[in-house]
Trainee: 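Have a look at the structure that comes next, please.
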Amino acid sequence: MNYNSDTIKIDGDVFEILLDEETIDKRVNELGEQLSSDYNGRLPIFIGVLNGSVIFFADLIRNISIDCEVDFLKLSSYGDAKISSGKVTLLKDLNCQIESRDIVIVEDIVDTGLSIDYMKKLIGQHNPQSVKVVTLLHKAEATKYDVQLDYVGFKIPNKFVIGYGLDRSQKYRNLKSIYALTNGK
Ligand code: 5GP
């Protein structure tokens with residue numbers, strides 16, 4: 001596979017570039033500036049959702065210009081399926097105290113909204129001061145749960161995407177751009 005091509009073929013499926021490195025970089029920078037301004041004078045905890053958000057998370061927090069803390073959560077993934085099973089389980093809990101703290105959940109992508117809904121409820125049980133959500137990608141047409149997304153990088157069509165942390169069967173997270181499946185969802 002050619003990691004620098006605009007079109008990628010994987011097992012007969014064709015993925016085309018949706019967001020290139022430069023576009024992602026610019027938007028992540030803007031989100032970082034916005035969050036730095038909105039949380040100025042506070043000490044937010046950025047909570048990354050493993051594994052998909054690691055690349056976005058690492059880039060985002062380097063664009064945060066105020067003091068912050070970080071922690072990670074891990075939920076059950078889709079496995080190798082492209083469609084959500086409709087169930088979420090917690091695979092790794094937080095290691096920090098979140099009571100009375102300002103929490104920012106950092107997601108790679110919101111699809112149905114099930115995972116974010118689950119995390120907001122989970123975090124909400126521990127009496128944080130506030131809980132907001134930043135997601136790099138939002139498949140607005142696919143979202144069924146009524147969750148507020150406070151910061152959205154890009155609204156994207158309801159297509160399966162890979163790259164920049166997003167996988168297909170655990171691979172292709174290391175692609176620098178984001179690619180969308182052209183044949184199917
Ligand atoms: P939701 O719970 O909102 O339906 O889905 C959220 C999770 O599903 C994401 O964190 C991600 O792990 C996975 N997901 C949803 N859509 C895609 C996609 O297009 N590509 C990849 N690689 N994962 C996705």
Side-chain angles (χ1 to χ4, degrees), residues 1 3 7-21 23-24 27-28 31 46-61 70-94 103-124 131-185:
M1 194 183 87
Y3 270 75
T7 304
I8 293 177
K9 282 195 188 138
I10 304 168
D11 302 332
D13 286 334
V14 181
F15 288 80
E16 265 168 18
I17 200 156
L18 182 70
L19 299 162
D20 65 19
E21 259 184 274
T23 308
I24 298 169
R27 187 71 186 117
V28 174
L31 288 171
F46 288 96
I47 296 183
V49 187
L50 299 172
N51 294 338
S53 80
V54 282
I55 311 274
F56 173 47
F57 189 92
D59 283 346
L60 181 69
I61 62 159
V70 304
D71 200 358
F72 297 92
L73 266 181
K74 184 164 183 168
L75 305 181
S76 55
S77 69
Y78 289 8
D80 285 351
K82 285 182 214 155
I83 308 290
S84 167
S85 63
K87 275 192 259 162
V88 181
T89 49
L90 189 63
L91 297 180
K92 184 213 163 292
D93 206 344
L94 295 172
I103 306 298
V104 183
I105 302 172
V106 181
E107 254 290 27
D108 49 355
I109 186 164
V110 173
D111 184 355
T112 63
L114 173 70
S115 310
I116 278 292
D117 186 57
Y118 176 90
M119 280 184 281
K120 279 188 106 167
K121 284 179 182 153
L122 183 80
I123 289 170
V131 185
K132 293 216 168 173
V133 175
V134 50
T135 183
L136 179 67
L137 308 175
H138 182 206
K139 288 186 192 170
E141 288 162 41
T143 305
K144 296 184 207 141
Y145 289 78
D146 184 21
V147 279
Q148 189 180 329
L149 305 175
D150 304 282
Y151 303 88
V152 175
F154 303 94
K155 273 194 187 161
I156 62 163
N158 190 13
K159 289 184 175 173
F160 187 76
V161 291
I162 56 169
Y164 197 70
L166 290 145
D167 73 311
R168 167 156 139 160
S169 306
Q170 297 306 325
K171 290 190 279 182
Y172 316 112
R173 295 191 195 275
N174 52 324
L175 287 163
K176 290 181 180 169
S177 302
I178 293 172
Y179 297 78
L181 181 63
T182 54
N183 48 335
K185 275 190 187 170

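Start at 1 and go down the list; that is how both ligands and their atoms are numbered. What you see is a predicted model, and the numbers here were worked out from it, not measured in a lab.
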Trainee: Using the salt bridge (Lys or Arg N to Asp or Glu O under 4.0 Å) criterion, which residues pair with K9? Sequence neighbours excluded.
Mentor: none
Trainee: Any nitrogen or oxygen of G113, side chain or backbone, less than 3.5 Å from one on ligand 1?
Mentor: yes
Trainee: Return a yes/no value for V161: is any of its N or O atoms, backbone included, closer than 3.5 angstrom to an N or O of ligand 1?
Mentor: yes
Trainee: Any idea which of S115, S76, A142 brings a heavy atom closest to atom 6 (C) of ligand 1?
Mentor: S115
Trainee: Hey, what's the ring geometry for F57 with F46, parallel, tilted or perpendicular (30° and 60° as the breaks)?
Mentor: perpendicular
Trainee: At less than 4.0 angstrom from any non-hydrogen atom of D167, what atoms of ligand 1 do you find?
Mentor: 21 (C), 22 (N)
Trainee: Which pair of non-hydrogen atoms, one from P157 and one from L18, has the smallest distance, and what is that distance?
Mentor: CD-CD1, 4.5 Å
Trainee: For the residue pair L75 and L91, what are the closest heavy atoms and their distance?
Mentor: O-CD1, 3.6 Å
Trainee: Name all residues meeting the side-chain hydrogen bond (donor to acceptor under 3.5 Å, both in side chains) criterion together with D59; count only those two or more places apart in sequence or in a different chain, and write none if there are none.
Mentor: R62, Y164
Trainee: Counting only heavy atoms, tell me which of K139, M119, Q170 gets closest to atom 16 (N) of ligand 1.
Mentor: K139
Trainee: Pick whichever of L166, D108, D117, T112 has a heavy atom sitting closest to atom 10 (O) of ligand 1.
Mentor: D108
Trainee: For E107, counting its heavy atoms only, list the atoms of ligand 1 lying under 4.0 Å from any of them.
Mentor: 10 (O)
Trainee: Out of all atoms in ligand 1, which are within 4.0 Å of some heavy atom of K159? Include the element for each.
Mentor: 19 (O)
Trainee: Taking all heavy atoms of D108 and all of L166, pick out the closest pair and write down the distance.
Mentor: OD2-CD2, 3.3 Å
Trainee: Does R168 approach ligand 1 within less than 4.0 angstrom via side chain, backbone, both or neither, non-hydrogen atoms only?
Mentor: neither
Trainee: Could you tell me whether R168 and D11 make a salt bridge, using a distance below 4.0 angstrom between a side-chain N and a carboxylate O?
Mentor: yes
